[in-house]
Amino acid sequence: MGIHTLAKLIADQAPGAIKEGEIKNYFGRKIAIDASMSIYQFLIAVRQNGENLTNENGETTSHLMGMFYRTIRMVENGIKPVYVFDGKPPQMKSKELEKRLERRTEAEAEMSKAAEAGDEEAFDKFARRTVKVTREHVEDCKRLLKFMGIPYVDAPTEAEAQCAALVKEGKVYGVGTEDMDALTFGSDVLIRHLTFSEARKMPIREYTLAKVLQGLGINFEEFMDLCILLGCDYCDSIKGIGQKRALDLIKQYRNIETILKHIDTKKYGIPEDWAFDQARALFKEPDVLTGDAVELKWNEPDEEGLIEYMVNQKGFQMNKQ
DNA sequence: ACTCTGCTTCCAGACGTA
DNA sequence: TGAAGCAGAGT
DNA sequence: TACGTCC
């Protein structure tokens with residue numbers, strides 16, 4: 001997921017690209033957020049006795065709980081969020097997705113084993129690893145957002161790519177995410193720890209792409225190749241090449257083709273049928289919606305609809321305004 | 001000495017109350 | 001799943 | 001800040 005150790009590389013090699021701040025700095029700002037990633041995190045985190053929260057019909061409500069409160073929190077701070085939902089994953093990602101499916105299947109077996117053994121702790125641990133965002137979770141959240149007056153976008157493929165596209169077009173200020181590949185997709189601004197900065201003692205960190213490039217001493221094309229060398233979701237990387245050597249090689253040879261011409265292939269095994277160029281194309285020109293295809297409008301919440309949905313249908317208590 | 005790998009461990013939300 | 005810290009092996 | 005609860 002994301003780009004392996006990119007956050008650390010930037011912190012070490014281009015610290016000037018990171019600005020720490022507080023949520024007040026984002027008053028009035030439009031921020032794009034990866035909705036599918038958020039839902040996934042809520043399903044993992046919002047649990048009681050090893051199970052997701054559910055209403056009396058047995059429907060999961062963890063994702064609604066998380067998204068509702070997080071969105072309220074942002075709006076209270078003057079932030080205008082726009083949620084972006086994942087579309088079909090690109091072909092290039094299928095290997096990565098297979099791996100994830102395998103891990104989930106494994107976790108399911110471990111979970112049943114733990115259940116039989118009555119090992120609550122192990123059950124809890126493995127249950128989290130079986131989490132998968134379903135069509136229903138997504139539809140629930142879209143309904144909630146409609147009632148809250150918060151816009152969302154259905155990305156053709158990767159949500160992070162669509163988020164970056166919104167930034168590039170000036171439709172939003174930045175991407176609020178933990179996933180560093182928003183930078184690789186060309187987002188000028190990436191904001192980490194946007195929502196949970198006060199609860200934990202994590203400061204909000206804003207990464208500026210221009211300053212990342214300046215600090216590393218490379219251009220954007222070179223940066224994309226650097227990210228591929230570090231390790232991305234779309235293809236393998238070269239064993240034995242980590243942060244330091246990757247940056248050195250890019251600075252010396254400027255692109256992967258030239259690196260491959262000069263590198264000692266006895267020392268460093270190049271992956272078979274290495275499709276780094278296709279990964280690069282994906283970062284450079286991802287399938288995204290642009291222009292009039294995206295309309296972002298923040299509306300007043302439909303309070304009646306919200307209450308009908310959250311309280312009457314989903315069984316929430318009537319606490320919040 | 002430096003750099004990468006692989007292993008381990010801790011952790012994943014947001015709220016209100018005490 | 002990642003991120004951080006550590007031991008160990010390769011360059 | 002730690003802890004229990006939300007559904």
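The figures here come from the full heavy-atom set of this structure, side chains too, leaving out hydrogens, waters and symmetry mates.
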Closest to side chain of [X], choosing from [options]:
| X | options | answer |
| --- | --- | --- |
| Ala45(A) | dG13(B), dC7(D), dA14(B) | dG13(B) |
| Asn55(A) | dA12(B), dG13(B), dC7(D) | dC7(D) |
| Lys239(A) | dA12(B), dG13(B), dT5(B) | dT5(B) |
| Met65(A) | dG6(B), dA12(B), dC7(D) | dC7(D) |
| Thr195(A) | dA12(B), dC7(D), dA14(B) | dA14(B) |

Listed once per pair and sorted, the salt bridge (Lys or Arg N to Asp or Glu O under 4.0 Å) pairs that draw on residues 215-228 of chain A, sequence neighbours left out: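 Residue pairs with at least one partner in residues 215-228 of chain A: Glu221(A)-Lys284(A), Glu222(A)-Arg254(A), Asp225(A)-Arg280(A).
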
Check [Y] with [X], please: is the shortest side-chain N to carboxylate O separation under 4.0 Å?
| X | Y | value |
| --- | --- | --- |
| Arg129(A) | Asp124(A) | no |
| Glu169(A) | Lys171(A) | yes |
| Lys8(A) | Asp12(A) | yes |
| Asp302(A) | Lys146(A) | no |
| Glu206(A) | Arg192(A) | no |

Whole angstrom value for the distance that separates [atom2] of [N] from [atom1] of [X]:
| X | N | atom1 | atom2 | result |
| --- | --- | --- | --- | --- |
| Leu230(A) | dC4(B) | CG | C1' | 13 Å |
| Lys244(A) | dT5(B) | NZ | P | 14 Å |
| Met74(A) | dC15(B) | CE | P | 11 Å |
| Glu76(A) | dA14(B) | CD | C1' | 12 Å |
| Asp124(A) | dC11(B) | CG | C1' | 12 Å |
| Phe42(A) | dA12(B) | CZ | C1' | 12 Å |
| Met310(A) | dA14(B) | CE | C1' | 13 Å |
| Tyr40(A) | dG13(B) | OH | P | 12 Å |

Which whole number of Å gives the distance between the [atom1] atom of [N] and that of [M]?
| N | M | atom1 | result |
| --- | --- | --- | --- |
| dG13(B) | dA4(C) | P | 15 Å |
| dA12(B) | dG4(D) | P | 16 Å |
| dA2(D) | dC11(B) | P | 11 Å |

Cation-pi geometry met for Lys261(A) and Tyr253(A) (6.0 Å, 45°):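 Cation-pi check for Lys261(A) and Tyr253(A): fails.
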
Side-chain donor-acceptor contact under 3.5 Å, Tyr83(A) with Thr71(A):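 Thr71(A) and Tyr83(A) do have a side-chain donor-acceptor pair below 3.5 Å.
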
Under 4.0 Å between any heavy atoms, over every strand shown, what does [X] touch: base, sugar-phosphate, or nothing? Just pick one.
| X | result |
| --- | --- |
| Arg100(A) | sugar-phosphate |
| Thr61(A) | sugar-phosphate |
| Gly66(A) | nothing |

Footprint string (nucleotides 2-11 of chain C, 5' to 3'): B base within contact, S backbone only, - free, heavy atoms under 4.0 Å: SS-------S

side-chain N/O Arg70(A) vs dA14(B) OP1/OP2, d < 4.0 Å: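 Affirmative; the distance criterion is met.
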
Any Arg47(A) side-chain nitrogen or oxygen under 4.0 Å from OP1 or OP2 of dC6(D):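 The answer is no; no side-chain N or O of Arg47(A) sits under 4.0 Å from OP1 or OP2.
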
Side-chain touch Ile10(A)/Met180(A), heavy atoms, less than 4.5 angstrom: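 A side-chain contact exists here, since the closest heavy-atom pair is under 4.5 Å.
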
Note, Ile228(A) side chain near Leu226(A) side chain (heavy atom, < 4.5 Å):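 The answer is no, as the side chains (C-beta and beyond) never meet within the 4.5 Å cut-off.
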
Dot-bracket line, read 5' to 3' along DNA chain B, where crossing pairs take [ ] and | marks a partner on another strand, Watson-Crick or G-U under 3.5 Å: ||||||||||..||||||

Near-ring test Phe276(A)/Tyr234(A), centroid separation under 6.0 angstrom: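 No, the ring of Tyr234(A) stays outside the 6.0 Å limit from the ring of Phe276(A), centre to centre.
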
